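Given the structure is predicted, the values throughout are model-derived calculations rather than measurements.
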Amino acid sequence: MGVINSISETSSKAVDSAQDYVKITKKYYKLRAFKEIAKSFSFLGKMAVIGGLFFLGFVFLVVAGTIWLGKLLGDAMLGCLAMAGLLFLFTLICYLLRKQIDKVVIRKIAEEFFD
């Protein structure tokens with residue numbers, strides 16, 4: 001009977017160890033998910049603030065450039081048209097380079113996510 005009791009005790013310990021392992025693993029993945037979510041929201045928050053300030057600065061730069069071009073060309077309307085043309089040209093360049101931009105963004109996100 002000693003062998004049967006020993007096997008029973010060993011199997012009980014194995015079950016207890018397996019249950020502890022499952023609990024710890026569950027806690028680990030829950031903590032890791034929290035870490036990734038926190039990093040993502042932190043990144044989005046920083047991008048919103050930085051992007052908003054950049055956009056505001058860009059708007060003032062465009063307005064100043066438009067006024068300068070208007071004075072340079074002698075007509076405010078021509079300054080506005082020239083600035084609009086430049087902005088459309090930059091937009092077209094960004095559109096043509098969109099695949100390369102996507103690759104860079106995906107590579108950066110993958111480095112952060114799988115690190």
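- In this structure, I37 CD1 and S42 OG are separated by 13.5 Å, a value rounded to the nearest 0.5 Å.
- Atom CD1 in I106 sits 12.0 Å away from atom CD1 in I101 (nearest 0.5 Å).
- We find the OH-CD1 distance between Y29 and I24 to be 13.0 Å, quoted to the nearest 0.5 Å.
- Atom-to-atom distance recorded for F90:CZ and I93:CD1 is 6.5 Å, nearest 0.5 angstrom.
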List, one per line, each side-chain donor-acceptor pair under 3.5 Å for residues 43-71, sequence neighbours excluded.
residue : atom : partner : partner atom : Å
T66     : OG1  : V62     : O            : 2.7

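- Within the 4.5 Å cutoff, no side-chain heavy atoms of V104 are placed close to those of Q100.
- For the pair T25 and Y21, the minimum side-chain heavy-atom distance is below 4.5 Å.
- Of the inter-residue distances, the one linking T91 atom OG1 with L87 atom CG reads 6.5 Å to the nearest 0.5 angstrom.
- Note on residues 82-102: no pairs pass salt bridge (Lys or Arg N to Asp or Glu O under 4.0 Å), not counting sequence neighbours.
- L72 and M83 end up in the same hydrophobic cluster when Ile, Leu, Val, Met, Phe, Trp and Tyr side chains are linked at under 4.5 Å.
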